[in-house]
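Everything below concerns the one structure shown next.
Order of the sequence lines sets the chain letters (A, B, ...), proteins ahead of strands, with each chain counted from 1. Being a predicted model, the structure only gives us computed values, none of them experimental.
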Amino acid sequence: MIYVTLGTMFLGFDRLVEAADAIAVDTGEQVIVQLGLSPRRPAHCAWFDFLPHASCLEIQRHARVIVGHAGIGTAMDALQVQRPFVIVPRLKRYNEHMNDHQMEIAEAVERRGWGRMVVDMAELPLACAVPPEVAEGYAPNKAPLLAAVRKMVDRVAEGR
Amino acid sequence: MLQLQEALAGHEVFYFCYEADTTRRLDKAYLVPNMAKNPIEFLKNLLRLHRIFWRERPDLIVSTGAEIAIPVILVGKLFRVPALYIECGAQVVRPSVTGRVMYWLADEFYVQWPELLQAYGPKARYSGSLIDESPIP
């Protein structure tokens with residue numbers, strides 16, 4: 001099963017919905033699309049708008065490949081469930097986002113070896129057929145950031 | 001923000017954030033409509049925050065953005081409340097507009113990708129991340 005996720009962005013991402021439909025038709029593999037607020041419905045995929053976060057993670061754990069828009073929450077979820085991750089940035093020129101910061105996220109994901117970036121939808125079928133390797137043992141470096149916050153909290157509390 | 005909760009354990013916490021399904025579940029939160037770039041909502045938020053700061057008397061502001069952080073830190077200046085800002089993980093190479101404003105106003109300023117340090121001045125620090133695995137340089 002391929003899980004395609006468009007996040008919570010209020011703009012549509014028709015290019016990815018169309019590409020998901022084409023893959024479902026061409027390969028016969030089950031494709032599940034989380035549409036969010038994207039208005040166009042796929043004709044050949046199972047789809048839903050939103051589900052509770054835990055349910056979304058559960059579906060992703062069973063996916064052969066996760067195809068996600070390049071939202072930061074989407075990337076964090078895909079990395080957490082440890083499934084092959086194809087990341088597709090929303091682009092401003094297609095009115096899929098307000099700016100092109102998703103390119104930055106997708107490029108960072110690829111640079112770190114966490115997944116494969118696809119910008120041209122023509123490359124998506126191959127990226128799904130031959131998915132990238134899973135970022136085994138992915139673990140964000142949270143502790144020092146939490147410690148920095150804690151340190152300031154303690155300092156403020158002491159001086160009160 | 002919720003991933004930072006454990007760093008705030010043992011202290012009374014309240015939130016000031018946009019109305020959304022996720023924020024309605026918070027224990028103690030002041031929810032306001034999404035202000036985006038609406039100047040009227042911005043001014044309304046200044047007034048709301050003035051009342052809230054008067055009532056709550058916070059000792060510290062912690063924010064990861066977005067623009068809603070700006071009226072909070074401005075009112076915080078008035079009440080002399082220090083602020084810690086963590087740039088949103090969605091900003092990898094280029095700073096957010098909110099980040100640029102917060103860089104000048106926040107007492108401590110963190111980015112979540114080392115790549116972003118070059119875009120800010122010396123006050124910006126990378127001290128780990130909720131997303132990135134990079135070690136601290």
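For the pair A/Pro140 and B/Leu130, the minimum side-chain heavy-atom distance is 4.5 Å or more.
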Between chain A and chain B, donor-acceptor distances below 3.5 angstrom:
{"residue": "A/Glu104", "atom": "OE1", "partner": "B/Val92", "partner atom": "N", "Å": "3.3"}
{"residue": "A/Glu104", "atom": "OE1", "partner": "B/Val93", "partner atom": "N", "Å": "2.8"}
{"residue": "A/Glu104", "atom": "OE1", "partner": "B/Arg94", "partner atom": "N", "Å": "3.2"}
{"residue": "A/Glu104", "atom": "OE2", "partner": "B/Arg94", "partner atom": "NE", "Å": "2.7"}
{"residue": "A/Glu104", "atom": "OE2", "partner": "B/Arg94", "partner atom": "NH2", "Å": "3.0"}
{"residue": "A/Arg111", "atom": "NE", "partner": "B/Glu115", "partner atom": "OE2", "Å": "3.4"}
{"residue": "A/Arg111", "atom": "NH2", "partner": "B/Glu115", "partner atom": "OE2", "Å": "2.7"}
{"residue": "A/Arg112", "atom": "NE", "partner": "B/Asp132", "partner atom": "OD1", "Å": "2.8"}
{"residue": "A/Arg112", "atom": "NH1", "partner": "B/Glu115", "partner atom": "OE2", "Å": "2.7"}
{"residue": "A/Arg112", "atom": "NH2", "partner": "B/Glu115", "partner atom": "OE1", "Å": "2.8"}
{"residue": "A/Arg112", "atom": "NH2", "partner": "B/Glu115", "partner atom": "OE2", "Å": "3.1"}
{"residue": "A/Arg112", "atom": "NH2", "partner": "B/Asp132", "partner atom": "OD2", "Å": "2.7"}
{"residue": "A/Trp114", "atom": "NE1", "partner": "B/Glu133", "partner atom": "OE1", "Å": "2.8"}
{"residue": "A/Tyr138", "atom": "OH", "partner": "B/Ile131", "partner atom": "O", "Å": "2.6"}
{"residue": "A/Ala139", "atom": "N", "partner": "B/Glu133", "partner atom": "OE2", "Å": "3.0"}
{"residue": "A/Asn141", "atom": "N", "partner": "B/Asp132", "partner atom": "O", "Å": "2.9"}
{"residue": "A/Asn141", "atom": "O", "partner": "B/Ser129", "partner atom": "N", "Å": "2.9"}
{"residue": "A/Asn141", "atom": "ND2", "partner": "B/Ser134", "partner atom": "O", "Å": "3.0"}
{"residue": "A/Lys142", "atom": "N", "partner": "B/Ser129", "partner atom": "O", "Å": "3.3"}
{"residue": "A/Lys142", "atom": "NZ", "partner": "B/Gln3", "partner atom": "OE1", "Å": "2.8"}
{"residue": "A/Pro144", "atom": "O", "partner": "B/Ser127", "partner atom": "OG", "Å": "3.1"}
{"residue": "A/Leu145", "atom": "N", "partner": "B/Ser127", "partner atom": "O", "Å": "2.8"}
{"residue": "A/Arg150", "atom": "NH1", "partner": "B/Ala7", "partner atom": "O", "Å": "3.1"}
{"residue": "A/Arg150", "atom": "NH1", "partner": "B/Ala9", "partner atom": "O", "Å": "2.9"}
{"residue": "A/Arg150", "atom": "NH2", "partner": "B/Ala9", "partner atom": "O", "Å": "3.2"}
{"residue": "A/Arg155", "atom": "NH1", "partner": "B/Glu108", "partner atom": "OE2", "Å": "3.2"}
{"residue": "A/Arg155", "atom": "NH2", "partner": "B/Glu108", "partner atom": "OE2", "Å": "3.2"}
{"residue": "A/Arg160", "atom": "NH1", "partner": "B/Asp59", "partner atom": "OD2", "Å": "2.7"}

Mind listing the side-chain donor-acceptor pairs of residues 115-133 of chain A below 3.5 Å, one per line with the distance, residues two or more places apart or on another chain?
{"residue": "A/Arg116", "atom": "NH2", "partner": "A/Glu123", "partner atom": "OE1", "Å": "3.4"}
{"residue": "A/Asp120", "atom": "OD1", "partner": "A/Ala122", "partner atom": "N", "Å": "3.0"}

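The two residues A/Pro144 and B/Gly128 make their nearest non-hydrogen contact at CG-CA, 4.0 Å. Of all heavy-atom pairs spanning B/Ala7 and A/Leu146, the tightest one is CB-O, 3.5 Å.
Linking ILVMFWY residues whenever their side-chain heavy atoms come closer than 4.5 Å, directly or via other members, places B/Met35 and B/Leu43 in the same cluster. If you chain together hydrophobic residues whose side chains sit under 4.5 Å apart, B/Val97 and A/Met9 never meet in one group. Transitive grouping of hydrophobic side chains (ILVMFWY, heavy atoms separated by less than 4.5 Å) brings A/Trp47 and A/Val67 into a common cluster. A/Ile2 is not connected to A/Leu51 by any chain of hydrophobic side-chain contacts under 4.5 Å among Ile, Leu, Val, Met, Phe, Trp and Tyr, and they are in different clusters. Note on B/Ile61 and A/Val156: separate hydrophobic clusters, where clusters join Ile, Leu, Val, Met, Phe, Trp and Tyr whose side-chain heavy atoms are under 4.5 Å apart, directly or indirectly.
For a residue to count as touching a neighbouring chain, one of its non-hydrogen atoms must lie under 4.5 Å from one of that chain's; by this rule A/Ile72 touches chain B with the side chain only. If you measure heavy-atom distances from B/Leu8 to chain A, the contacts under 4.5 Å come from both the backbone and the side chain. With a threshold of 4.5 angstrom between heavy atoms, A/Val153 approaches chain B through its backbone and through its side chain. For B/Ala20, no part lies under 4.5 angstrom from a heavy atom of chain A.
Here B/Leu47 pairs with nothing under the side chain to side chain contact (heavy atoms under 4.5 Å, CB included) rule; sequence neighbours left out.
Taking 4.5 Å as the heavy-atom cut-off, none of the residues of residues 12-37 of chain A approach chain B.
The environment of A/Met1 atom CE is dense: over 12 non-hydrogen atoms of other residues, nucleotides or ligands sit within 6.0 angstrom.
A/Leu79 CG to B/Ile131 CD1: the interatomic distance, rounded to the nearest 0.5 Å, is 10.0 Å.
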